[in-house]
Structures are given as structure tokens and as C-alpha cells.
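Encoded as C-alpha cells, the structure appears first; notes follow it.
Computed over heavy atoms, backbone and side chain alike; hydrogens, waters and symmetry mates excluded.
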Amino acid sequence: MTALARLLFGRRARLRWIHLILGGALAMPYVLVGSVVVGPLAGDADVFRSLSLQLASFAFGLPLAAITSLFPLTRPLESGVVRWLCGVEADRLAYGPARTKGEKGRTAAWFTLHLGTGGIIAGMSLAVPPFAAALIALPFVPALRDERAGLPGVLHHPWALALTPVAGAAMLVALAGCAAGCGALLARWAPALLGPSPEDRVAAAEARAADLAVRNRLARELHDSVGHALSAVTLQASAARRLLDTDPEFAREALAAIEDTTRRTVGELDAVLGVLRDGDAPGTAPAPTLAADLDGLLRRTRAGGLRVTATVTTDPEALPPLVSREAYRIVQEGLSNALRHAGGQVAVALRVDVLDDHLRITVENPVGEAGGTADTRRPGGGHGLRGIADRARLLGGAAEAGDVEGTWRLHVRLPLKGTEGNRTTPPGRDPETYSTDTA
């Protein structure tokens, strides 16, 4: 009984009943227009005193409702009302104006169904409760049994009079059942008539994919930039603390590197967060590149005590801008892994060269007691190698990482052809002979 009462009179049933009453209210103007037409056709009869003429006016008004449903706001408004009053999930409804013929046809069918069903339930809601209340009160109010009330003769029998309260209560329950049933049917049909079309679903999927791509890009940028900065600053501060008394000059260099690292990281963080701010450009500061920022990256990394040997046998200025940006982040993450997990006393070898129209980046460090990588030695794993692999894959390249005979090796290949802003060696410079070797 409790479940039945909740089904007929629960909060959801009441909200759906309100939805039907709203449909009946919306149907009234169309019924009035229909009565203007039906009245003269019926010989100027009083439409509101004849149930058949009222039904004819109602039937005449529904096609008018279907025509007016073609206004652009009909589907968004109906979807919003259905979502809040009928309990339909938001992602199963479309909130944009109907554009195609199919969408307009389904919207017209829904609007006509809503107004038609709502008009019937609203009419029943106005007529049934007073009559049911009169039946319930009939045995207890003698004035209601007056001959002038025009009651059927059977109600003057005691047994019939005793059953009138039961009949009145049954009528109210039947009304609630009709309202609950119609509300449930409308809630079930709403996704089919007001739901997104295949074109809407494709557009929504593309929008979600674009949003996910932006979020992944932001996650990679924050991980690589902030993660590297925190690792570098931690080691630099640790080295400065240890050597503050014995080597003040090194401590000053480490503190200067901390200042430079944090300043650059704040700028990069502002650039990344600019994507999330309304009205800001996707970057308020230029993204770091291999050509412009590799030397600073190596200097800040060495200030933390890590011994880095860098061999660059190609001109970074000759790289396409996109490749240069992604290569910088890959080198940064490779050095971050070494900073976090190889230890400050381990030598790291970095090599950047070009072979077969591919930029090759190799980072190596010995694997010992303190060796390893961020993704293999940290409990629970990390996201560094995954981010590197994502960057390489987006450019059509590949990334490999693993232990090779006691040496941890990260090797990345990025294609130079077919990338944005692709440009070859600057005039007068041979990429095969341009090299630097810094330690």
C-alpha cells in the first residue's frame, strides 16, 4: 500500500501532475479559438454547455497547437520543463531549437501530445474532485439529498447511500491513477520526441572530445612545468642547505636558480591558466621552446647538483615551432624524472639530433640504488612517461623507455615533415655539423 500511495501521490507523481495541468493551461487559448469556429457551425449553440461541442473545440484547437510548436523556443522550453517536472535525465533531451524537418515533426508531436493529454487531465482535475467530494459527503449532509439536486433515484436507497463515500474515494484514486499513468507515459516518450537527433549527438560528442583534449593538454602542461619546477627547486634548496657553510658561492648560485625557476614557472602557470579564464587568450606568455629555453633549463637543472651532459647535433632554431615546443617539454620531463629518482650525484646524458627527418631525443642515467624513473619507482606510478608518449603520438612520433643493461633510457622520435610551421636549416648553416657539447 505504501508503494502504491507513493506511486499515485508521491513527489514525482505530483510534479508530473503539475506538468499535465500546465499542458491543459496552454491548451485553453487553442480551445477558445476552436469554440469560435465550432459555435457558428453548430448553429450558434452554447459551446460551454455541451460536452460534445467542447470536445469538438478541443479537437479543432490541437492542430493549431501543432503549427505554433514550430517556433524555435518550443523545444528548449518543453525540454526544460520535462527535465524538472517529469524527472527525465538532462542528457536525454535536446535544448536547442529544432532545425531539421524530423526534429520539427517530433517537437510538434510532443507539443500536441502534451497539450492534448494535459487538457484531458486538467478537465478531469476540475470536474472530478467536487463531484467526488459531494458523493463522500452525501450520507452526512441531508441538504445534498434534496429532490431539487436532481440525484438519481437509486441514491435514495440506504445501501446506495452507504456506498457513495466509497465511490467518491474511488473516483479520486482513479483520477490520481490516470494522472500518474499519463505522466509516466509522457516521461517515457519525451526522450524519443524531444531527445537529440543523431546530428546533435555527433556535435555533442565532438564538443566533449574537444573539451577532453583541452583538459588533457592542460594536465600535461601543468604536470611537466610545475612538476619539473618543484623537483628542481627541492634539489636546489637541499644542495644550498648542505653547502651553505663550505661553498657559499654554490649556495648563492642554487638560490639564484631557485628564483629563476620559480619566476619562469609562475609565468608558464599563468599562460596555462589563461586558457581557463573567460576572455583571456590561450596563452598570456610564449610557450618555452627547445631553441630559446634549453640552455636555461640545463642551467637550472645543474644548479640542483645533477650532472647533465648535453649533446645537441642539430640547430634548435631550424626546428618547426610545434616540434620545438613539444621537444622542450619532453626534455624537461626526462630531466625531471632524473631529478626526482636518479639522485643528485648521478650523471645524466642528454642527446638531441636529427636522423631521417626525425628529431631524436635521448635521456640516459644509470640505474642503481637511487636510480629509476618517476613512473617505475614512485609508489602508485606517475604520469610523466604517459605524457611524453602522448606528446610524441600527437606529432606522429614514438617514445620508448626502459632499462637497457643497467642504464635507464628514454628515447623519443618526432617527425619533422608535415608539422606546423615546418622549416629546414637556416641559410648558411648545416644541421649535421652544428653541435654543442656542454657538461
Side-chain angles (χ1 to χ4, degrees), residues 209-210 213-214 216-221 223-225 228 268 271 282-283 286-298 301 308-338 348-365 373-375 383-405 407-439:
V214 172
N216 287 339
R217 177 186 165 216
L218 292 176
R220 286 196 304 268
E221 293 293 329
H223 175 273
D224 293 349
S225 176
H228 171 81
E268 293 179 13
T289 63
L290 202 66
D293 301 279
L294 178 60
D295 291 340
L297 175 63
L298 295 175
T301 304
V308 182
T309 300
T311 303
V312 183
T313 61
T314 186
D315 183 5
E317 296 285 348
L319 300 175
L322 179 59
V323 174
S324 186
R325 290 196 298 269
E326 298 302 314
Y328 175 87
R329 291 302 190 192
I330 291 172
V331 171
Q332 185 182 54
E333 180 57 32
L335 295 178
S336 295
N337 284 345
V348 178
L350 167 67
R351 181 177 180 84
V352 180
D353 58 9
V354 173
L355 180 65
D356 297 332
D357 292 324
H358 280 74
L359 178 69
R360 302 192 305 176
I361 301 171
T362 305
V363 182
E364 296 179 333
N365 63 268
T373 71
D375 292 322
H383 301 281
L385 293 181
R386 184 187 306 171
I388 290 175
D390 288 342
R391 291 180 185 276
R393 185 173 61 253
L394 289 174
L395 293 181
E400 299 175 354
D403 187 355
V404 181
E405 298 179 355
T407 298
W408 180 266
R409 177 178 297 169
L410 169 66
H411 182 68
V412 181
R413 298 175 75 250
L414 304 177
L416 297 179
K417 288 186 176 181
T419 54
E420 173 194 1
N422 188 16
R423 136 172 109 85
T424 57
T425 309
R429 186 173 284 178
D430 183 0
E432 296 300 329
T433 59
Y434 176 82
S435 66
T436 61
D437 192 346
T438 54

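No option in E400, R409, H411 other than H411 meets the side-chain hydrogen bond (donor to acceptor under 3.5 Å, both in side chains) test with T362.
Judged by distance alone, with hydrogens and angles left aside, the side-chain atoms of D356 form no donor-acceptor pair with the main-chain N or O of H358 at under 3.5 Å. Put simply, the side chain of S324 gets close to the backbone of L290: a donor and an acceptor are under 3.5 Å apart.
For the atom pair L319 CG and T289 OG1, the distance stands at 9.0 Å (nearest 0.5 Å). In this structure, D357 CG and R413 CZ are separated by 10.0 Å, a value rounded to the nearest 0.5 Å. The distance from the CG atom of L298 to the CG atom of L335 is 6.5 Å, given to the nearest 0.5 Å. Rounding to the nearest 0.5 Å places CD1 of I361 at 10.0 Å from CD of E326. Between the CG atom in N365 and the OG1 atom in T309 there is a gap of 12.0 Å [rounded to 0.5 Å]. Interatomic distance, CZ of R393 versus CZ of R386, reported as 10.5 Å (0.5 Å rounding).
In plain terms, the two heavy atoms of V352 and L350 that are nearest each other are CG2-CD1, 4.1 Å. Shortest non-hydrogen contact noted between A389 and A399 is CA-CB, 4.1 Å. For the pair A401 and W408, the tightest heavy-atom approach, listed with the atom from each and the gap, is CB-CZ2, 3.9 Å.
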Criterion side chain to side chain contact (heavy atoms under 4.5 Å, CB included) on E333 and N337, from CA distance to verdict: CA-CA 6 Å; E333 180 57 32; N337 284 345; 3.1 Å; yes
Please evaluate residues V363 and V331 with respect to the criterion side chain to side chain contact (heavy atoms under 4.5 Å, CB included), reporting the C-alpha separation (whole Å), side-chain torsions for both, the decisive distance (0.1 Å), and the verdict. CA-CA 8 Å; V363 182; V331 171; 5.6 Å; no
How far apart are the C-alpha atoms of L410 and L385, what are their side-chain angles, what is the distance that settles it, and do they pass the side chain to side chain contact (heavy atoms under 4.5 Å, CB included) test? CA-CA 9 Å; L410 169 66; L385 293 181; 4.2 Å; yes
Verdict with reasoning, L359 to V412, per side chain to side chain contact (heavy atoms under 4.5 Å, CB included): CA-CA 8 Å; L359 178 69; V412 181; over 6 Å; no
